[in-house]
Amino acid sequence: MSQHLSSEDAAAIIRAAGLDLPASDAARIASGISPGLAAFSAVAGTLPFDLEPATFLAVQRPCAEPKEGGQ
Amino acid sequence: MSLSLRPSAGAPADPALMTLAEAAMAIRAGVLSSREATEACLARIARLQPALNAFIAIEPEAALAAADAADAALAQGEVKGLLHGLPLAHKDMFYEQGRVSTCGSKILRDTVATTNSTALARIKAAGTVRLGALHMVEFAYGPTGHNAHFGAARNPWNTAHVTGGSSSGSGAAVAARLTYGALGSDTGGSIRMPAHFCGVTGLKTTVGLVSRYGAMPLSFSLDTIGPLARTVEDCAILLGLMAGADPLDPTTATAPVPDYLAAAEGRLKGLTIGIPDAFYVDDLDPEVARVLDETIATLKRGGARIVSVSLPDQMKLSGASQVVLNCEASASHKPWLLERPQDYGPQIRSRLENGFAIPAVTYLEALRWRGPALAAHLAAVAEVDAVLAPTAPMPAPTIAETDTDGGPGAEAMIQRITRFTRPVNYLGLPTVSLPCGFTRTGLPVGLQVIGRPFAEATLIRIGAAFQRETDFHEQMPEEP
């Protein structure tokens, strides 16, 4: 995805998601979320084919096991 | 968990000025009655609520009746639990069957809960007395403490300044000694921000440590529940009561809960604390930078080894955090946003609308990346026990300068304030925000100690040892 979300892009996606907003709101929304999308754009489109969200728990949960001598 | 603490140097004349641990001990020892503790808190609430707006509901009659019942039970030798007769108030988003939890909103203002929050039920089972319900940002979706329906909460250190949010009442009430401790929630910084701005201790827990059942959802991937209190020791007590597996929240971890209170006895010697070499040290307010330097010196003097640490790109984490939060919050609120948008405050409605513009594939990529991102973080911090960073780049701004009301600058303001808290939420890490100093104008400055998943005991060890070396957590604002 490009680093910049235009107000036209935003308006179209918002409409598809079922919300009816004036065009002026689309510009405000586009400028509000664009920095976050831009920051994430270096990751988006680069992830391995077989990666799924549960990988987070697979990495996190072993940290919950008590360690010898305490944490 | 047993409550066995060092004797207090001298009991304060006003019981409300005791720490949670001191008051709980005093009540159980019969030195202080629950009624005396409750009356002391209620007297301060009556005096300070008009200036601070820390409470959404105050329930003096019910609180005193519960306190009397606790005293009568104690006289019969019945001790309900560790916090028998201790008066507390919590962020108004933890459901109690038969009671209204407003969630800071107009939409739920009259809705009676049909379930019980597991976290709150576990605290109540220890014998606490309910003082009322604390102020919060509408639906916990904002970092400042503004609320279009209930008015802004005000910072006890300077009422022209924000408390931080979304656990705004929790921060203000603990700082002003209106409650001995309070539950909060943290999805993008909502425990740490008020802890930092109000000069109290706030513990954001690992995702999966504390049950979210019966607590208002904001983002099911990022939401965490944790305590705010005056000291790390107090937070350790509350966490020990709440933590652990809950069949009603299948996302909770099943590992045994450590003895957090015992961890508070630990020393800094033998611990290595990392200081990020970028991002968290960039563009800091000079007073925050000074406090960071002073804190590093204190930790060194206490015996901790301080090293520089290079973390993965925090901007990417921050962007991913924003994507997940925006999408999940918007999905939960969609029915109300379609049916009654006028019932939201302008800032919350505008943030909820933002999530509708993020493509589904981008959201799913942000969820899928979470595992590799956490693995990369764990590799980067392999040689340290915790990371020290500012909670926010600046001390509490004023209410006026952050009152953007959903206008074009609202999101930018929110992103600036929560810059240092969002990456932690994406990774689901535990963090304690500690009072670490003051600005020249008397506003508190907090720093966050970030740990590995489920390493709350290590954070408690560091925080409690730091508080034995300093007295920032003992400072109390003058009454406005």
Side-chain angles (χ1 to χ4, degrees), chain A residues 1-67 69-71, chain B residues 206-209 221 251 253-256 258 263 313 315-323 326 330 334 337-338 350-351 353-362 364-375 378 406-408 410-412 415 427-428 451-458 461:
Chain A
M1 156 154 212
S2 75
Q3 293 191 6
H4 177 70
L5 186 77
S6 71
S7 51
E8 291 77 18
D9 295 335
I13 300 169
I14 292 165
R15 254 196 320 277
L19 202 61
D20 188 22
L21 291 176
S24 57
D25 284 355
R28 187 252 309 155
I29 291 167
S31 77
I33 63 172
S34 283
L37 292 175
F40 185 61
S41 66
V43 177
T46 68
L47 299 175
F49 172 70
D50 53 359
L51 181 65
E52 60 165 294
T55 310
F56 174 70
L57 292 180
V59 176
Q60 188 217 41
R61 288 302 149 100
C63 300
E65 298 307 318
K67 294 172 184 61
Q71 284 185 316
Chain B
T206 304
V207 164
L209 180 67
S221 297
T251 67
T254 54
D313 186 342
M315 285 304 293
K316 290 180 188 168
L317 300 174
S318 185
S321 196
Q322 187 182 342
V323 166
N326 284 354
S330 299
K334 185 175 178 182
L337 208 49
L338 292 175
S350 91
R351 292 197 80 192
E353 289 166 353
N354 286 352
F356 283 81
I358 297 173
V361 171
T362 306
L364 289 168
E365 286 179 301
L367 280 187
R368 292 170 68 225
W369 186 52
R370 224 175 162 202
L374 177 59
L378 292 176
E411 193 60 33
Q415 300 305 319
L427 298 175
R452 294 197 187 90
F454 301 100
E456 278 80 356
T458 302
R461 175 179 167 185

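Keep in mind that the numbers below use all heavy atoms, side chains included, and drop hydrogens, waters and symmetry copies. Every chain is numbered from 1, with letters handed out A, B, ... down the list of sequences.
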Do [X] and [Y] come within less than 4.5 Å of each other through their side chains, counting heavy atoms only?
X	Y	answer
A:Glu52	B:Leu367	no
A:Pro35	B:Gln415	no
B:Leu378	A:Cys63	yes
B:Phe454	A:Arg61	yes
B:Glu353	A:Ile14	no

Is a donor on one side and an acceptor on the other found under 3.5 Å between the side chain of A:Gln60 and the backbone of B:Val207?
->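 Answer holds: yes.
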
If only atom types and distance count, is the side chain of B:Arg368 paired as donor or acceptor with the main-chain N or O of A:Thr55 below 3.5 Å?
->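 Between the backbone of A:Thr55 and the side chain of B:Arg368 there is no qualifying donor-acceptor contact (under 3.5 Å).
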
Contact class of [X] relative to chain A, heavy atoms under 4.5 angstrom:
X	answer
B:Arg370	both
B:Asn326	side chain
B:Gln322	side chain
B:Ala366	both
B:Ala412	neither

Taking all non-hydrogen atoms of both residues into account, name the closest pair between [X] and [Y] and its distance.
X	Y	result
B:Gly319	A:Phe40	C-CB, 4.1 Å
A:Phe56	B:Gly428	CZ-CA, 4.3 Å
B:Lys334	A:Ala17	NZ-O, 2.7 Å
B:Lys316	A:Ala42	CE-CB, 3.7 Å
B:Pro359	A:Ile13	CG-CD1, 4.0 Å

In terms of heavy-atom pairs under 4.5 Å with chain A, which of B:Gly208, B:Gly451, B:Pro372 leads?
->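 Between B:Gly208, B:Gly451, B:Pro372, the count favours B:Pro372.
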
Out of A:Ala12, A:Ala58, A:Gly36, which one racks up the most heavy-atom pairs below 4.5 Å with chain B?
->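 The residue among A:Ala12, A:Ala58, A:Gly36 with the greatest pair count is A:Gly36.
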
A:Ile33 portion near chain B, given a 4.5 angstrom heavy-atom threshold =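 It is both, since atoms from each part get that close.
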
Given a strict heavy-atom distance threshold of 4.5 Å, which part of A:Asp25 is in contact with chain B: side chain, backbone, both, or neither?
->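 The answer is the side chain of A:Asp25.
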
